[in-house]
Engineer: 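My questions all concern the structure below.
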Amino acid sequence: MDLTPEFVLAHTRAWVDRAVIGLNLCPFAKAVQVKGQVRYVYSDAADEQALLDTLCGELHYLAECDPARTDTTVIVHPHVLNDFEDFNDFLDAADAAVEQLGYAGVLQVATFHPSYQFADTEPDDVTNATNRSPYPTLQLLREASVDRATDTFPEADAIYEVNMQTMASLGPQGLAALQAQIRHDAEAPAAPASREDSPGPVV
């Protein structure tokens with residue numbers, strides 16, 4: 001299947017619905033989804049500079065937008081940084097952009113990748129799937145929103161460990177079945193999605 005903007009965004013949404021929210025990997029995601037406060041952005045960037053330009057533009061947009069309208073932005077970029085090490089290296093540039101634009105302490109960047117790998121794990125370790133999205137993905141978060149969410153969830157520090165246990169319990173076969181369901185959901189007929197589509201679920 002061609003990676004059209006419509007399919008890429010539908011695939012990402014299905015992953016959020018089935019995995020991030022369905023497995024409760026992020027206890028804060030469902031509330032924002034229901035309120036429709038997420039902006040999905042498809043990026044056709046083919047090199048790091050183009051992606052950085054998109055990132056900077058979306059940082060400005062989110063900083064200037066009313067949180068009640070857009071609380072977070074998800075940038076999906078399937079044509080660049082498909083190698084996880086290159087993706088990981090790009091995060092230094094992303095964090096530098098946040099700093100240089102004056103958004104340190106205001107906005108932050110979270111990351112998801114099809115080949116995400118935590119330190120001290122093997123590539124095929126199922127626990128890596130907690131941060132594995134269908135395509136390389138950057139999420140822009142408001143620090144104030146993150147603080148509010150963690151304040152209402154007294155065991156926020158334990159989320160990481162709980163997620164690891166969830167994936168371990170799911171196992172490789174369960175994960176494969178989940179991924180097949182996610183793709184099926186994405187391929188189901190739906191209203192066309194634009195390159196910049198909001199509202200939707202948050203990752």
Side-chain angles (χ1 to χ4, degrees), residues 1 3 7-35 38 40 71-78 80-92 94-95 108-143 145-188 200-203:
M1 178 178 288
L3 292 182
F7 178 76
V8 168
L9 292 181
H11 199 181
T12 301
R13 281 194 210 83
W15 165 68
V16 172
D17 286 335
R18 291 282 184 176
V20 179
I21 293 176
L23 297 179
N24 200 34
L25 299 180
C26 177
F28 321 122
K30 186 175 181 178
V32 184
Q33 177 192 19
V34 170
K35 294 176 183 177
V38 181
Y40 276 96
D71 191 67
T72 185
T73 299
V74 176
I75 304 173
V76 189
H77 48 97
V80 63
L81 298 178
N82 282 286
D83 180 89
F84 180 63
E85 290 188 9
D86 292 341
F87 176 80
N88 219 26
D89 290 343
F90 177 80
L91 302 185
D92 288 337
D95 289 340
Q108 62 179 251
V109 181
T111 60
F112 305 89
H113 193 278
S115 301
Y116 202 102
Q117 184 177 350
F118 291 105
D120 301 322
T121 66
E122 295 298 322
D124 60 352
D125 191 323
V126 72
T127 61
N128 290 314
T130 62
N131 283 52
R132 287 190 171 178
S133 52
Y135 312 97
T137 300
L138 302 171
Q139 183 184 9
L140 311 186
L141 297 160
R142 298 177 187 272
E143 296 235 359
S145 296
V146 173
D147 290 342
R148 282 197 303 272
T150 54
D151 285 345
T152 61
F153 195 82
E155 299 179 354
D157 291 341
I159 292 175
Y160 171 80
E161 294 180 358
V162 171
N163 288 347
M164 292 290 196
Q165 294 170 3
T166 296
M167 285 301 173
S169 298
L170 191 64
Q173 290 185 335
L175 178 60
L178 176 64
Q179 291 171 333
Q181 182 62 62
I182 288 170
R183 189 170 185 90
H184 178 270
D185 291 352
E187 293 170 347
V202 64
V203 292

Engineer: Decide whether Gln117 and Asn88 meet the rule of one side-chain donor and one side-chain acceptor closer than 3.5 Å.
Structural biologist: no
Engineer: If I compare all heavy atoms of Ala14 with all of Ala186, which pair ends up nearest, and what's the gap?
Structural biologist: CB-N, 4.2 Å
Engineer: Show the numbers, then the answer: is there a side chain to side chain contact (heavy atoms under 4.5 Å, CB included) between Phe90 and Val80?
Structural biologist: CA-CA 11 Å; Phe90 177 80; Val80 63; over 6 Å; no
Engineer: For a quick test of reading the model, state the closest non-hydrogen atom pair linking Thr150 to Asp147 and the distance between them.
Structural biologist: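 Scanning both residues, the minimum pair turns out to be OG1-O, 3.0 Å.
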Engineer: For a 4.5 angstrom cut-off between non-hydrogen side-chain atoms, does Tyr160 reach Thr130?
Structural biologist: no
Engineer: Side-chain contact, heavy-atom cut-off 4.5 Å: Leu23 with Leu170?
Structural biologist: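 Heavy-atom side-chain distance check passes, below 4.5 Å.
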Engineer: Is there a side-chain contact between Phe87 and Thr137 in this structure, where contact means two heavy atoms from C-beta onward sitting under 4.5 Å apart?
Structural biologist: no
Engineer: Counting C-beta onward and ignoring hydrogens, is there a side-chain heavy-atom pair between Leu91 and Thr111 closer than 4.5 Å?
Structural biologist: yes
Engineer: For the residue pair Val16 and Tyr40, establish whether any side-chain heavy-atom pair is separated by less than 4.5 Å.
Structural biologist: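 Yes, side chains in contact.
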Engineer: Quick one: list whatever passes ring-ring contact (aromatic ring centres under 6.0 Å, His included) with Phe84, sequence neighbours left out.
Structural biologist: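 Phe84: ring-ring contact (aromatic ring centres under 6.0 Å, His included) contacts with His113, Tyr116.
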Engineer: Any side-chain to backbone donor/acceptor pair from Asn82 onto Pro78? Under 3.5 Å, distance only.
Structural biologist: yes
Engineer: What's the shortest heavy-atom distance between Phe118 and Thr127, and which atoms?
Structural biologist: CE1-O, 3.7 Å
Engineer: With rounding to the nearest 0.5 angstrom, report the CZ to CG distance, Phe28 to Leu141.
Structural biologist: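 Interatomic distance, Phe28 CZ to Leu141 CG, rounded to 0.5 Å: 11.0 Å.
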Engineer: Between Ser145 and Asp71, what is the shortest heavy-atom contact and its length?
Structural biologist: OG-OD1, 2.7 Å
Engineer: Check whether any side-chain heavy atom of Leu9 lies under 4.5 Å from a side-chain heavy atom of Val74, and answer yes or no.
Structural biologist: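 No. Closest side-chain heavy atoms not under 4.5 Å.
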Engineer: Tell me, do Leu140 and Val109 make a side-chain contact under 4.5 Å, heavy atoms counted?
Structural biologist: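 Contact flag for Leu140/Val109 side chains = yes.
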Engineer: Show the nearest heavy-atom pair for residues Pro114 and Pro134, with the distance to one decimal.
Structural biologist: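 Looking at all heavy atoms of both residues, the closest pair is CG-O, 3.4 Å.
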Engineer: Could you grab the distance from atom CG of Asn128 to atom CE of Met167, nearest 0.5 Å is fine?
Structural biologist: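 So the gap between those two atoms works out to 10.0 Å.
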Engineer: Return the CZ to OH distance between Phe7 and Tyr135, rounded to the nearest 0.5 Å.
Structural biologist: 4.5 Å
Engineer: Could you tell me the separation between the CG atom of Asn163 and the CG atom of Asn24, rounded to the nearest 0.5 Å?
Structural biologist: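 It is 8.0 Å, given to the nearest 0.5 Å.
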Engineer: Nearest 0.5 Å, please: how far is CD in Glu187 from NE2 in His11?
Structural biologist: 8.0 Å
Engineer: Within the structure provided, determine whether Thr12 and Phe112 are in side-chain contact (heavy-atom separation under 4.5 Å).
Structural biologist: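 They are not in contact (no side-chain heavy atoms under 4.5 Å apart), so the answer is no.
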Engineer: What's the spacing between Leu178 CG and Arg18 CZ if we round to 0.5 Å?
Structural biologist: 8.0 Å
